[in-house]
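Beneath this line is the structure, given in structure tokens, with notes to follow.
All values below were derived from every heavy atom in this structure, side-chain atoms included, with hydrogens, water molecules and symmetry-related copies excluded. Just so you know, ligand 1 is whichever comes first in the structure, and atom 1 is the first atom listed for that ligand.
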Amino acid sequence: MALEPCTELPVKITADIPVLKERGQREVFCGLTGIVWLHRKMQDAFFLVVGSRTCAHLIQSAAGVMIFAEPRFGTAILGERDLAGLADANEELDRVVDQLLERRPDIGTLFLVGSCPSEVIKLDLAKAAERLSTRFFPKVRILNYSGSGIETTFTQGEDACLGSMVPVLPRSDEAGLMVVGSLADVVEDQFRRLFDKMGIGPVYFFPPRRAANLPPVGKGTKLLLAQPFLSDTVRSLVSRGATLLPSPYPLGIEGTTAWLKTAADAWNVDSKVFEDAIEPPVKRAKIALERYRQALTGRKAFLFPDSQLEIPLARFLSRECGMELVEVGMPYIDRLLMDKEIALLPEGTVLSEGQDVEKQLDRCREARPDITVCGLGLANPLEAEGMATKWSIELVFSPIHGYDQAADLAELFARPLERRRRLTV
Ligand code: SF4
């Protein structure tokens with residue numbers, strides 16, 4: 001996705017929403033982090049990063065204790081001989097893949113994940129995946145994508161991973177709904193039940209729980225995005241004939257209702273059937289949310305760019321939790337995927353795209369927000385300056401979508417405020 005030239009001056013993208021475009025030093029994860037949640041979602045997949053010790057350290061620290069649970073990810077570390085071009089990196093890679101597949105016969109799909117070092121030495125992982133596939137397919141499918149920091153930011157790793165699967169999805173022009181973006185299994189089950197009640201189907205979730213059960217795609221496929229960071233995947237699916245149903249994202253009660261309604265309208269679901277299906281979970285969610293709404297109302301929020309979830313989160317925080325938005329930062333704003341959300345932001349919301357971290361920190365310090373949503377690198381230093389923070393990575397790892405998670409989502413923001421209150425003497 002191309003960034004527009006840096007203007008540093010607010011540009012109006014809709015009547016009342018100015019966007020501050022900045023470029024400079026950034027504080028974000030690279031796309032390798034996506035492996036941490038993707039390997040939990042697709043239970044027959046293995047992610048082999050072809051990178052350096054830095055990449056291995058990153059994954060180990062992001063995955064925390066998971067590394068002790070025989071995880072389905074690892075790093076083929078490029079040694080000095082590979083980097084100096086003395087060893088044939090392709091031969092070494094084949095050897096590592098042989099060993100891995102022999103040791104782990106449960107692997108059905110293997111992703112070769114590119115990194116900064118593999119890109120810099122121009123190791124052609126796409127070719128390697130093709131070569132290895134001819135040896136191991138159909139028992140194991142071998143795909144490739146890049147999670148490097150040069151090309152991808154944080155959740156874009158999921159976009160790149162799903163994008164690598166699009167060309168191998170089976171073709172079918174039958175009508176069907178494809179929910180795109182990884183969701184916790186429990187959330188997926190809740191949505192499936194709601195779609196069933198409304199008579200919407202067949203419904204496919206992408207990514208699937210088993211990478212071997214790939215959903216079909218074609219002219220009858222309607223795409224409903226569960227995650228807002230899938231720009232390239234959506235475009236590839238559209239190029240295979242699918243149609244995008246633009247919608248707000250299923251965060252909070254309002255977002256979930258709008259999201260389900262988008263699907264219901266595409267399936268011509270009767271409004272009474274729709275209302276009956278959503279009534280019980282909406283009622284439950286309203287009661288559960290009320291407690292946190294009281295804690296959050298009138299508080300100021302500042303969101304640093306990180307996961308691309310910032311705009312839907314800001315919409316939820318302002319409209320359903322009564323929070324004031326100081327600034328909403330996004331690494332990129334893809335209008336195709338974001339317009340429905342931007343339209344729901346309160347008038348005058350300050351949006352920023354890209355980052356110049358020092359300038360943004362200055363704005364944040366000046367505004368003294370009650371809660372700052374940011375990455376781990378900024379969180380503790382800001383806490384030390386007396387500001388309450390919410391780590392944005394938790395928003396990607398926790399189930400936050402759908403009605404039954406609306407209160408949990410609000411609680412994630414109320415918790416740091418409550419902790420600060422308790423610790424203040
Ligand atoms: S892929 Fe690049 S940014 Fe990510 S850990 Fe490896 S070297 Fe660092």
Side-chain angles (χ1 to χ4, degrees), residues 1 3 23-40 45-67 71-85 87 89-90 92-93 96-97 100 110-129 142-164 182 229-233 304-308 329-332 354-357 374-379 391-394 396-397:
M1 181 189 343
L3 278 177
R23 283 215 216 148
Q25 198 189 325
R26 303 188 306 159
E27 287 272 348
V28 282
F29 281 123
C30 66
L32 292 188
T33 358
I35 294 172
V36 179
W37 65 87
L38 285 166
H39 92 280
R40 281 197 296 191
F46 192 100
F47 295 80
L48 183 66
V49 177
V50 183
S52 64
R53 283 189 198 283
T54 313
C55 311
H57 286 311
L58 171 97
I59 307 264
Q60 283 175 13
S61 21
V65 291
M66 275 184 233
I67 56 164
R72 277 170 287 99
F73 55 80
T75 310
I77 293 174
L78 293 164
E80 274 168 24
R81 283 168 49 80
D82 303 297
L83 296 173
N90 280 309
E92 302 256 313
L93 181 62
V96 172
V97 170
L100 173 70
L110 173 67
F111 290 97
L112 302 179
V113 188
S115 66
C116 305
S118 74
E119 255 162 49
V120 169
I121 66 163
K122 305 240 176 303
L123 183 57
D124 193 338
L125 290 181
K127 273 243 170 69
I142 300 175
L143 296 171
N144 142 265
Y145 72 90
S146 170
S148 84
I150 305 170
E151 283 192 281
T152 58
T153 304
F154 196 21
T155 46
Q156 274 185 310
E158 174 170 334
D159 191 20
C161 173
L162 299 194
S164 75
S182 63
F229 42 72
L230 299 168
S231 302
D232 291 346
T233 304
F304 278 77
D306 206 35
S307 62
Q308 299 188 53
M330 286 275 284
Y332 316 95
Q355 188 171 45
D356 187 337
V357 74
C374 58
L376 291 166
L378 296 178
W391 299 349
S392 45
I393 195 163
E394 237 184 296
V396 187
F397 289 170

Test applied, side-chain contact (heavy atoms from CB on, under 4.5 Å); reference residue, L110; option that passes from L100, L143, N144: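 So, applying the side-chain contact (heavy atoms from CB on, under 4.5 Å) to L110 and each of L100, L143, N144, only L100 qualifies.
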Around [atom], find the nearest protein heavy atom and jot down its residue, atom name and distance.
atom                    : answer
atom 8 (Fe) of ligand 1 : T54 CG2, 4.1 Å
atom 2 (Fe) of ligand 1 : C116 SG, 2.2 Å
atom 4 (Fe) of ligand 1 : C30 SG, 2.3 Å

Closest contact, heavy atoms only, P305 versus M330: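 Heavy atoms of P305 and M330 come nearest at CB-C, 3.4 Å.
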L93 versus A128, closest heavy-atom pair with distance: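 Where L93 meets A128 most closely, the heavy atoms are CD2-CB, 3.8 Å.
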Taking only heavy atoms of [X], which atoms of ligand 1 are found under 4.0 Å from at least one of them?
X    : result
G149 : 1 (S), 2 (Fe), 3 (S)
S115 : 1 (S)
S148 : 1 (S)

Ring center gap for F73 and F47 short of 6.0 angstrom: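 Ring-ring flag for F73/F47: false, centres at least 6.0 Å apart.
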S182 side chain to L38 backbone, donor-acceptor under 3.5 Å: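 No, S182 side chain to L38 backbone: no donor-acceptor pair under 3.5 Å.
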Part of C55 within contact of ligand 1 (heavy atoms, under 4.0 Å):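 C55 to ligand 1: contacts from backbone and side chain alike.
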G51 near ligand 1 by a heavy-atom separation under 4.0 Å: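 It does not; every heavy atom stays at 4.0 Å or beyond.
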Between CD1 on residue I121 and SG on residue C116, distance to nearest 0.5 Å: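 Those atoms lie 12.5 Å apart.
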